[in-house]
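Here, residue 1 is the first one in the sequence, and each next residue gets the next number. Counting starts at 1 for both ligands and their atoms, following the listed order. What you are looking at is a predicted structure, and each value in this text was computed from that prediction instead of being measured.
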Amino acid sequence: MCGIFGYTGKRVVVETVLQGLKRLEYRGYDSAGIAGLHGDQLLFCKQVGKIDTLQERVQSEGMVLDLAIAHTRWATHGKPSDVNAHPHFDASGKLALVHNGIIENEAELKQELKKKGIAFTTDTDTEVIAKLIGWFYEGDLLRALKTALPLLKGAFALAMIHEEHPGKLIAVARQSPLLIGVGKGETFLSSDANAFASYTREVIPLSEGEVAILTASSIQIFNASLEMIEKERHELDMEIAAPTKGSFAHYTLKEIFEQPQAARNALLSHCDEEQGVAIFPEFRVMPLDAEFIQRLLIIACGTSFHAGLIASYSIEEMARIPVTVEIASEFRYKQPLILPGTLVVAISQSGETADTLAAVRLVKAQGFKVIGLCNVQGSTLAREADETIFLKAGPEVGVCSTKAFTSQLTVLTLLSLFLARYREMSREEGQRFIKELYQLPNQIQRILDQSDEIERIAKKYAHLSEVFFIGRNLMYPAALEAALKLKEISYINANAYPGGELKHGPLALISPESLLVALTAHEPTFDKIQSNIQEVKARGAAVLAICYEGEKRLEARVEDQLFIPRTRGVLTPILTTVALQLFAYYIAKERGASIDQPRNLAKSVSVE
Ligand code: AGP
Ligand code: GLU
């Protein structure tokens, strides 16, 4: 899920492009590169490592360009290295190209090109694209693209320049995001509109194999058959301030501490206290008349999938509507049976997760409408969903999702209330529920105020190589999310199990060196989770219990406890997760991990 940025115009090109690229670093950061034209010369600089390292080198070399493309990489084909960093070139060295996506038939194409005497210098699929276009190039770049592009299998976004086409940026997008920023006497290209939003709000998203030829003063767009077309321009209404860490050591910590505000933003304009209902003024039409919604299908990946799992408990409990939650990368390869009366909800913080987008397209192709839950305006999900609820959590830079998760759960709880009030829930019950929802930001703050205690406990366990999490009912998906946080940012092998499943196998892994984190704040199953704690204690393991404030029943039985405010059951996963986000953060900090940009990961998984 690399990041692509391009620019042509009156600004200092190298500086503008590298600043834009920095805004895309969340998409991948194992290597970076820039290529541009200066007069009739194609110049480039690329290397393993982060964009700052590239910037230092480019500045020291005093690179000056008339236009440029740049790339920050998350490797899929070929390890992170100087030679595998983008840009990649055709055989003549006159075409430079950067790429986001995967070419699924790169091996066959590479074989064919080698038979024609084309030599390769990298292990990437991207180089195959450049060499293929170069093979067909005889002076007309559009014609070469018309021949080469249909041979490529897979989803991709490309930006390229050619020595024989000065002043031109060429862009191609097939199921990977690429947006044109339309300025006055300047044109931008980016994987994410946020990266140029401070220069222009006028955006043209490319899609479905479209090709664009951009100059500082002109934009030509062609459809997949390379016939010239007109495309609608969108006006971006989005935050343009480049996020900063402020006084926090990491974006991740800052975003954990922004969660009271994220919850407030999610509640804002979504509650009618008088009627005791949730409202969604952003809906042009409810994709399905709420009275006729017979079931929900939630589709997502990673943390967003965990939010969907938790929501399935609250929707079924409150609205008595069956909910199916699917991992997008699995769902899209099933022959899904979606029954009439199904409301589909796609959850994606970035709005660019390739598997979630593919699942949305599959569902829409079957005639179903989709509600998108998303945190990025102008994202592909926001464009393709029939209705979108924006989380308004503010840009989430840390690769591990925190405030977006809290915001997702808050909005999904509101959706539960919305549906429940169409069924059995009375107005008075709805009014009471909203009052409890309004407590959420302050309750989150009370957990954040315990950060020193959480850090103290985290340091005790930071040396471990594996940690077990258990929960029951909706605390099981909360345990999945807590384990994912710890995995992602500390690299500890953390896994979560339904409490009742321990004795069906995982208990074999428990030893006196183990730590079990028990998510106990679910009254109906407390006695059962307490028994699970006993099973583990009997094998000598240590236990950290996350409990409601005032819980005394575990005092003498566990090594450590963290306390969360008592609240309605469906809101407890949010509070438990905030405590365990901090637990994961302080362990990762103690271990000196790269918390904001963990190894091998990226913030937006826009490849399959
Ligand atoms: C969450 O901490 C991870 N970074 C990852 O699992 C993430 O939730 C997943 O890639 C889905 O991202 P999305 O919400 O942007 O679709
Ligand atoms: N497949 C390309 C590479 O490995 C791009 C990867 C991506 O978009 O993440 O360099």
ask   = Is ligand 1 less than 4.0 angstrom away from at least one heavy atom of Thr356?
value = no

request  = Looking only at protein heavy atoms, identify the closest one to atom 16 (O) of ligand 1 and say how far it is in Å.
outcome  = Thr353 OG1, 2.5 Å

query = With under 30° as parallel and over 60° as perpendicular, where do the rings of His71 and His86 fit, or are they tilted in between?
reply = parallel

Atom pair CD (Glu106) and CG (Asp125), whose distance is rounded to the nearest 0.5 Å = 5.5 Å

query = What atoms of ligand 1 come within less than 4.0 Å of a heavy atom belonging to Cys400?
reply = 2 (O)

note = closest protein heavy atom to atom 9 (O) of ligand 2 is Met1 N, 2.3 Å

ask   = Rounded to the nearest 0.5 Å, how far does SG of Cys400 lie from CD1 of Ile595?
value = 8.5 Å

Mode of Val605 contact toward ligand 1 - side chain, backbone, both, neither (heavy atoms, under 4.0 Å) = side chain

inquiry  = Parallel, tilted or perpendicular: which one describes the rings of Phe89 and Phe44, with boundaries at 30° and 60°?
reply    = tilted

query = Among Thr303, Asn375, Thr252, which residue places a heavy atom closest to atom 1 (C) of ligand 1?
reply = Thr303

Those atoms of ligand 2 less than 4.0 Å from some heavy atom in Thr126 = 2 (C), 3 (C), 10 (O)

ask   = What residue and atom, counting heavy atoms only, is the protein's closest point to atom 7 (C) of ligand 2, and at what distance?
value = Cys2 SG, 2.8 Å

remark   = Taken to the nearest 0.5 Å, the spacing of Asn105 CG from Leu151 CG works out to 8.0 Å

task = Pick one of side chain, backbone, both or neither for how Lys485 approaches ligand 1, counting any non-hydrogen atom pair under 4.0 Å.
result = side chain

request  = Using the ring of Tyr491 (Phe, Tyr or Trp, six-membered ring only), decide whether Arg599 places NZ or CZ under 6.0 Å from its centre and within 45 degrees of its axis.
outcome  = yes

ask   = What are the atoms of ligand 2, with element, lying closer than 4.0 Å to any heavy atom of Asp125?
value = 1 (N), 2 (C), 3 (C), 4 (O)

ask   = So is Cys301 in contact with ligand 1, going by heavy-atom distances below 4.0 Å?
value = yes

note = Ranked by distance from atom 4 (N) of ligand 1, the top protein heavy atom is Val399 O, 2.8 Å

note = Given the options Glu352, Gln597, Glu396, Glu25, Lys603 meets side chain to side chain donor-acceptor pair (under 3.5 Å) only with Glu396

key: Residue, atom name and distance, where the atom is the protein heavy atom closest to atom 6 (O) of ligand 1   = Gly302 CA, 3.2 Å

message = How far is atom 1 (N) of ligand 2 from the closest protein heavy atom, and which atom is that?
response = Thr76 OG1, 2.6 Å

query = Out of curiosity, Tyr7 OH to Leu169 CG, how far, rounded to the nearest 0.5 Å?
reply = 10.5 Å

ask   = Think Lys131 forms a cation-pi with Phe120, using NZ or CZ under 6.0 Å from the six-ring centre and within 45 degrees of its axis?
value = yes

task = Flag His71 as yes when one of its N or O atoms lies below 3.5 Å from any N or O atom of ligand 2, and as no otherwise.
result = no

inquiry  = For ligand 1 and Lys603, I'd like to know whether there is a polar contact (N/O to N/O, distance under 3.5 Å).
reply    = no

task = Specify side chain, backbone, both or neither for His86, according to which of its non-hydrogen atoms lie closer than 4.0 Å to ligand 2.
result = side chain

key: Under 4.0 Å to a heavy atom of Ser401 - the qualifying atoms of ligand 1, by number   = 1 (C), 2 (O)

Close aromatic pair by centroid cut-off 6.0 Å: Phe280 and His270 = yes

Residue part near ligand 2, for Asn100, under 4.0 Å between non-hydrogen atoms = both

task = Starting from atom 3 (C) of ligand 1, locate the nearest protein heavy atom and write down its residue, its atom name and how far away it is, to 0.1 Å.
result = Glu488 OE2, 3.1 Å

request  = Could you tell me whether some N/O pair between Gly101 and ligand 2 is separated by less than 3.5 angstrom?
outcome  = yes

remark   = atom 14 (O) of ligand 1: closest protein heavy atom, distance to 0.1 Å, is Ser304 OG, 2.6 Å

ask   = Centres of the Phe248 and Phe257 rings: under 6.0 Å?
value = yes

query = Asn375 side chain to Ala404 main-chain N or O, any donor-acceptor pair under 3.5 Å?
reply = no

task = Check whether the ring centres of Tyr585 and His250 lie less than 6.0 Å apart, and answer yes or no.
result = yes

ask   = At a 4.0 Å cut-off, with the gap strictly under it, does some heavy atom of His306 reach an atom of ligand 1?
value = no

task = Check ligand 2 against Trp74 and write out every atom of the ligand that is under 4.0 Å from a heavy-atom position of the residue.
result = 6 (C), 7 (C), 9 (O)

inquiry  = If we count only N and O atoms by modelled type, under 3.5 Å, do the side chains of Lys485 and Ser401 hold a donor and an acceptor together?
reply    = no

